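Here the structure comes first, spelled out in structure tokens, and everything after it is commentary.
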There are 2 protein chains.
Amino acid sequence: MPTDAVPEIVLERLPIYLRTLELLAREGKAITSSHELGERLGFSSAQIRKDLSYFGEFGKQGTGYNIEFLRAQLKQILHVDRVWDMALIGAGDLGHALAHYRGFEPKGFRLVAIFDNAPHKIGARIAHHIVQNVTALPQFIREQNIRVVILAVPAQVAQSVAAQLVELDIAAILNYAPPTLNVPPHIRVYNIDPVVGLQSMAYYL
Amino acid sequence: MPTDAVPEIVLERLPIYLRTLELLAREGKAITSSHELGERLGFSSAQIRKDLSYFGEFGKQGTGYNIEFLRAQLKQILHVDRVWDMALIGAGDLGHALAHYRGFEPKGFRLVAIFDNAPHKIGARIAHHIVQNVTALPQFIREQNIRVVILAVPAQVAQSVAAQLVELDIAAILNYAPPTLNVPPHIRVYNIDPVVGLQSMAYYL
DNA sequence: TAGATTGTTAATCGATTAACAATC
DNA sequence: TAGATTGTTAATCGATTAACAATC
């Protein structure tokens, strides 16, 4: 019963399933079950089967799931069976860390350029990139057909940069600035904010 | 109707309310309403009133909420009306970025020490910290009574470090390693994983 | 007083889980 | 065949929203 408006919460579990399948594959396993996956992740097996059923039938009764097959299917569903080029905006400490992060490429994403507006940062080398002037961003995004941007700029400029990204018809923003971006609904924003995590955990302290 | 097991999802919205109140205060406003807050955040006003009602009554009919008062109340509820000392484990690029991040202190958290196990990193200076040998971690945590740890280590060592933190009775872990930490339920873990965000957004690409 | 907004209840909506027929 | 596990339906659980009496 393929796609009909998949709940956001299901979409956020798929990458976790995918990662677990990759782990299992690396352990040399060929077959798994909703029960085994659930055990590993602390989810119910019913939830895993239900989540997968939004996209099709991937298992065999009595047997379970072929790990390589399900993995390939999930990659297709999530559109990470290819590599998406990303631009990073912001060459501060966080930008440095993101530029050196080795975890994007094996997951379907590749950083291809870094932009900043500070004169003393432009031209600097980070990992194998040269920081470019953010004024060059629009042309770059259009010419390279960039759909995904990582935003690692200070809070004060985040909204104005986001407005620019809207103009450029960026599809997805991974936002490390405080979560106040005001963008139209067809543009996806995923907020990463350590303070929200810390403060909500502090309730239990 | 004070506390009776507050849903996790409510707890994760409180920091967002708090931040918005701080923004409103900085704009010079003294009073707000569930409607105004909801508008800003894209939440329903009913949700905001419901969320707050888990903790008490903070508004006035016909008027709304006193911003400074509600802000103080939320800080108390979240236990961020004080400053929590944190230890950072991992002095890589991400560790650098976190050590330089200015956003923790005003939100109730302060980084007080950095640990790593790599000989060439130990003794190095990051921000105003000297990187310490991770073997010194247990004593430090006990003596300084640290409850909160930021984990910014490679995936392969994350679980073994986490096991150590369990021993030390750490209460909250902000985890930047891939989300596989296996800890008892009384220890809070908040996972920060950019790949989950990117991959779930990629579905719409 | 008239207007506005709270806190809360009840209704609605959506997500999770239990259960099981189908079937490998 | 007997045992296991899927995909799916129905039941349950929980979260969101609508509505409104209370009241500032």
Side-chain angles (χ1 to χ4, degrees), chain A residues 1-17 20-21 24 29-74 77 185 200 203, chain B residues 1-17 20-21 24 29-74 77 185 200 203:
Chain A
M1 186 208 296
T3 44
D4 186 34
V6 181
E8 197 57 35
I9 195 159
V10 172
L11 291 177
E12 288 186 25
R13 279 194 294 262
L14 296 191
I16 297 172
Y17 299 160
T20 307
L21 291 168
L24 288 167
K29 305 202 88 173
I31 299 287
T32 188
S33 66
S34 59
H35 185 80
E36 183 179 38
L37 284 169
E39 192 121 295
R40 287 236 180 186
L41 292 167
F43 300 161
S44 78
S45 63
Q47 177 164 81
I48 290 169
R49 294 197 302 279
K50 186 92 212 293
D51 284 354
L52 296 177
S53 77
Y54 280 97
F55 307 99
E57 310 190 355
F58 307 110
K60 253 205 197 53
Q61 282 105 324
T63 308
Y65 302 93
N66 177 300
I67 290 175
E68 273 312 319
F69 175 73
L70 183 54
R71 184 177 164 226
Q73 293 292 310
L74 285 180
I77 292 163
S200 61
Y203 174 77
Chain B
M1 188 207 294
T3 44
D4 186 33
V6 181
E8 198 56 37
I9 195 159
V10 171
L11 291 177
E12 287 187 25
R13 280 194 293 262
L14 296 190
I16 298 171
Y17 298 160
T20 307
L21 291 168
L24 288 167
K29 304 201 89 175
I31 299 287
T32 187
S33 66
S34 59
H35 186 79
E36 184 180 39
L37 284 169
E39 192 120 295
R40 288 239 180 182
L41 293 167
F43 300 161
S44 78
S45 64
Q47 178 164 81
I48 290 170
R49 294 197 302 278
K50 186 93 212 290
D51 285 354
L52 295 178
S53 77
Y54 281 97
F55 307 98
E57 310 189 355
F58 307 109
K60 252 205 199 49
Q61 283 105 324
T63 309
Y65 301 94
N66 178 299
I67 290 174
E68 273 312 319
F69 175 74
L70 182 54
R71 184 177 163 227
Q73 292 292 309
L74 284 180
I77 291 163
S200 61
Y203 175 76

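Just so it is clear, the values below take in all heavy atoms, side chains as well, and ignore hydrogens, waters and symmetry mates. Quick caveat, the model's predicted, so the values are computed rather than measured.
The CG atom of B/L52 sits 15 Å away from the C1' atom of D/dT16 (whole-angstrom rounding). Between A/D51 atom CG and D/dT6 atom C1' there is a gap of 15 Å when expressed in whole angstrom units.
From B/L21, atom CG reaches atom CG of B/N66 across 10.0 Å, with rounding to the nearest 0.5 Å. Interatomic distance, CD of A/E39 versus OG of A/S45, reported as 10.0 Å (0.5 Å rounding).
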Name the pairs: protein N/O against N/O of nucleotides 12-15 of chain C, kept only if under 3.5 Å.
none

Polar atom pairs between nucleotides 20-24 of chain D and protein, under 3.5 Å, N or O only, would you list them?
| residue | atom | partner | partner atom | Å |
| --- | --- | --- | --- | --- |
| D/dT23 | O4' | B/Q61 | NE2 | 3.4 |
| D/dC24 | O4' | B/Q61 | O | 3.3 |
| D/dC24 | O2 | B/Q61 | O | 3.4 |

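In this structure, B/F58 and B/F69 have tilted ring planes: the angle between them lies in the 30° to 60° band.
Here B/Y65 reaches the OP1 or OP2 of C/dG7: one of its side-chain N or O atoms lies under 4.0 Å away. Contact annotation: B/S44 side-chain N/O to D/dT16 OP1/OP2 distance is not under 4.0 Å.
In the model, A/R49 has a side-chain atom that pairs as donor or acceptor with a side-chain atom of A/S34 under 3.5 Å.
Helical stems involving DNA chain C, defined as 3 or more consecutive Watson-Crick or G-U pairs under 3.5 Å, span C:3-24 with D:3-24.
Contact annotation for B/S34: backbone-only contact, meaning every heavy-atom pair under 4.0 Å involves sugar-phosphate atoms and none involves a base.
Partner of B/Y17 under the side chain to side chain contact (heavy atoms under 4.5 Å, CB included) criterion, chosen from B/L37, B/I48, B/L70: B/I48.
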